Structure formats: structure tokens, C-alpha cells
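Since this is a predicted model, take the numbers as computed values, not measurements. Every chain is numbered from 1 and lettered A, B, ... according to where its sequence line falls, protein lines coming before strand lines.
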Amino acid sequence: MKGRMIAAATALLFVTGLAPAEENLRGRTIGSACFGCHGAGSDSGAAIPPIIVGAPAQFIEDSLKAFREDSRPSTIMGRIAKGYTDEDIAAVAQYFSTLGGN
Amino acid sequence: MTGIKRRRFLKMVGAAPVAGGLLGGCGDKSGQVDTPDAAMESIAPAQGKQAKAHVVVIGGGFGGTTAAKYIRKFSANGVDVTLVEPKQSFVTCPGSNWVIGGLRDMNFITHSYAPLQDKHGVRVVHDRATSIDPDAQTVTLAGGDTLKYDRLVVSPGIAFRDNIEGYTTAAMEKIPHAWHGGPQTTLLRQQLEAMPDGGTVIMAAPPDPFRCPPGPPERASMIAGYLQKYKPKSKVLILDAKDKFSKQGLFIEGWTQHYGYGTDNSMIEWIPASKDGAVRAVDVEGMRVMTEFGEHTGDVINIIPAQKAGDIAAMSGLTDDSGWCPVDHLTWESTLVANVHVIGDAAIQSPLPKSGYAANSEAKVCAANIVRLLEGKSLLDPNWINTCYSLITQQHGISVAMVYTLVDGKVAKVEGAGGVSKSNDPPGRALEASYAVDWYQNITYDIFG
């Protein structure tokens, strides 16, 4: 199922020339659920939690893994990060890094 | 045609790639029923004039507005979306307890649909949907217009059941429920302001399942906070139709710390169902509520009735015997009516809660897979998050969170994830109090911005 989806996404990219952010559908699925707290853009008016749109992928990936392992203290991110595999985290990190806000 | 055959036929038609304006045909078709030629022929004339697929969304709350916006985003504006919502602006239920407690004003929880229209190209129709014709795939509006849809999203929120004798529509003007944001929120706030010191505020909390499980104890906290400051001889009495409630340990920890809970001078008293807490009837003139064996008199009374899916859902055959709407959680399509998707509080979504965050998360999964269906592509594996913050005081916040995935076609909690805030963690409570407000600003921006 996953293989077919990647193949479909690659074919789509090839045919239509869509941006890489559109291709990473797993990252988009997970990332969309994060917008509820983290903000899909920079002008929501909220100070924290940080707007992670456009942050470097490696930074997001490292942060999420540290939250998941409780090596970085948090109120809530540790509880949420425990819901994701390494692959999920890599996908969502890549997704956020390619967004420029809306 | 039998019901089942008819339904399968409609499903197949719905799954067919829509001609023109979309990227249909590029992806594979795994997970879809092959479309027989007969079905293709039968829909060809209907689609002849349509350049783009059209999705109609009924209900402009957390679920419906999110779905409308994200169908536009996920289709790169390739799908036309019409949102049907009677109100000119939306007052959120989340945050309304903060208004009742005096921490925020109504303006803070009121949102315009203008960005949805101007930034995202959603057509917003301020009218009320009165009926759905699933065979013709049309929605009829109170104003007389009829909208044709390829896919329909129904996000009507909740309606009240008649579980409390005497609690009529007229009674709500004197004894507010305040479980829809808006004039009812203002009314309850005004009654608290007008109440003399030494008064009792009665809250009747509903049986499960209901919108916003931590809402009643958060409301009690906010009212107690207001009373403590301005009317310290007063108290809140919660009469509950349940024996436990959401984030109970954390609420009681906070109530003990701030409101003397458990002492003779507690500003909050909670009576569970097992101690005769369930309210059965209300006497509006006498400002009394009756339980099975007793009665209580209040200076302000807030009744939160038992709930069911919003009226349009029941009128359209979308509800089952439970009063809520069964759906396929991969697409949120109704299991009773083809091409109609139900999201938010009205849907049967357990273990996802009936919360604004869950509705927002469900809407995105629904939007993504509606676009995939319209484009004739394979469906995406879903993922959901729920995060609910509650305030006990302005500086004391608590949360519950969970990550959900689909297991054997059903929503399931991801093992090891989620849970409630750590107890006995004052710095965490202060941080989460500020996160609660930021949560509100970010999620409403995600929906209405």
C-alpha cells in the first residue's frame, strides 16, 4: 500500500511538476493535525508554541525524537511525539521544512 | 434497485474521476471499486457542463469550516466549495467559559468568514440547509435555493435531547445552556454579574457522550474564579448525570488548591449521579431543579442537556438509533447515505472525543480523502490528534492529548502516546495556562484565518 502510494506520488510529481511539499502526503497528513496548536501561518497572534512552518527538517526531527524519548522536557510534546514512528517523524519534519506559511 | 445495490451504485459513481479541472487519472486506483461503463455513461450527461467538482459543506463550525478550507488547499483550488451557514459570524464554544468567567470578551471568541471567502475561495452562503436529497445529490436551503453536490460534508454539531422535564426553548431564555457560543454565553455571564453575593450557581452536567467533555468542570472553575474575586460568599453546585468526568484528577487537584474543594468552605461542590446528582426536571419560575430524590434552588442555573447529532443529520437519515451518525473513518463518509460525509460532534468518532480539536483533525482527513476520491486516486492513511486545554484559573492550565490512527478500519489510540498533564507540577500548570490561550488563537487561525 505504502509502496504504491509512493509510486503514485512520484508519478504525479513527474507528470505535473508539483512542489516536493505536495508529494510528501504522509508528512502532510501528520503535519495537518499539528496546525491546530502550532499555527499554519505566522499571523495567528499566538506567541507560543512556536510556529514550526519553514523550520529546518533536521531540527524538527531531532526535537520530536528528543521529546519522544523525554530527553527534552515538555508539558505536552512528549505525550504527542510518542504517537509517531521514526518514519512518521522524518516525513512530518520534511513536510514542515518545505512550507512557507500561508 | 435495493437499498444496498443503490448505495453501491452511488458509491461507484462518486468514486469516478470527475472530468476537467482536476488531475484525475494520474494516480493509481488501489482501494477503489472499478467503475463499470454503465455507471460512467449514466453520469456523463450530468457532468457535461461542470468544469470542476463541487463540494457543499453544511455547518460553519470547527469541522465544517476546516473541511471547506482544506478541500480548497488539498485540491490546489481545483474543487469548488460552498459553505452553508446561517450565522454571519461564528462564536466558538471553546473559549466561551473564559468569557463566562470574565477573562475574555465576546469579541475574542467571534470569528468572521471573510478570509474563508477572500483568501481561500470558498463560497459562503448564509442560509440554513433544510433538506438533503441523496439521490439527486442536492441540498435545499430555507431561502429556496438548491445546491447540487458531488460530495456533501455535514458538520451540524449538536442538538439537545428532551431529558430534563420543563427545559423548553422558552426556558432557555431564563436558564441558559450556554452550550452553543453566542447570546447564551452572554446571558449566563450577565446573570452571574447580576447575582447577589452569597448566591448559589447550579450547573447541571450532561450524560455521555456530549460536546466538550472537560467543558463542564472548566466552566465550574471559571465561575468559581469569578465568584472568589467578586462574590466570595457564593458557590457553584455541579449536579452531574455521570459518576466521573474528564481530567477529573487534575481538576480536583486544582479545585483543592484554589477553591477549597473538599472543605466546608469549598466554592465548588460536585454531586455525581450515584449521589442523586442527575437533574430530572426544572421549575423555571421557582428557579429549582429536581433530581430523583431531591431538589435544589439556585440564584443562577445553567442546564447542559443530554445531546444528539444536529437536526439536519436526523432529518436526512444520517443518524442511527444512538442519535449520532455512523461513518467510515477512512473518509468520514456516512455508512447510511452515500456521498455524504459527517464530521465533528455529530459523528460517531469514539475513541476520538467530541471536541473542537478532534473536529478540526477529522475535517482534514475527510478533506484529503474527498479530494482523492474526486481525483480518482488511492485513499491516504489517516492520522488524528486531539489536544484539549482547560483553565482552572487564569494561571492554572491543564491538558489532555492523544494521537489516533486507523486499525482494522476503526479509529484507535496509538499505544503509549497521549494522556493528561503531570500532577503536582506548578511550573507546568503556569505554562499550560498560557499555552491554552495560544492553542485557541492558533486553532481558530487554522480554521477561520
**Q.** Worked verdict on L25(A) versus R372(B) for side-chain contact (heavy atoms from CB on, under 4.5 Å)
**A.** CA-CA 11 Å; L25(A) 292 170; R372(B) 301 289 287 181; 3.5 Å; yes
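- Heavy atoms of S361(B) lying under 4.5 Å from chain A belong exclusively to its side chain.
- Proximity to chain A (any heavy atom under 4.5 Å) is shown, for Y404(B), by neither the backbone nor the side chain.
- Taking non-hydrogen atoms and a 4.5 Å limit, the residue list of residues 71-85 of chain A in contact with chain B, ordered by number, reads S74(A), T75(A), I76(A), R79(A), I80(A), K82(A), G83(A), Y84(A).
- Ranked by heavy-atom pairs shorter than 4.5 Å toward chain A, the options I385(B), V365(B), I447(B) are led by I385(B).
- To the nearest 0.5 Å, atom CH2 of residue W384(B) and atom OG1 of residue T29(A) are 10.5 Å apart.
- Among the candidates A401(B), G428(B), G356(B), the residue making the largest number of heavy-atom pairs closer than 4.5 Å to chain A is A401(B).
- Contact of V400(B) with chain A is made through the backbone alone, with heavy-atom distances under 4.5 Å.
- Heavy atoms closer than 4.5 Å to chain A are found in both the backbone and the side chain of S421(B).
- We find the CZ-CG distance between R26(A) and N383(B) to be 5.0 Å, quoted to the nearest 0.5 Å.
- Remark: C37(A) SG to Y435(B) OH distance equals 10.5 Å, nearest 0.5 Å.
- Counting all heavy atoms, side chain and backbone alike, F74(B) lies closest to S32(A) at CZ-OG, 3.6 Å.
- When heavy atoms are compared at a cutoff of 4.5 Å, P382(B) approaches chain A solely by way of its backbone atoms N, CA, C and O.
- Contact tally against chain A (heavy-atom pairs below 4.5 Å) for S399(B), G416(B), P427(B): the top residue is S399(B).
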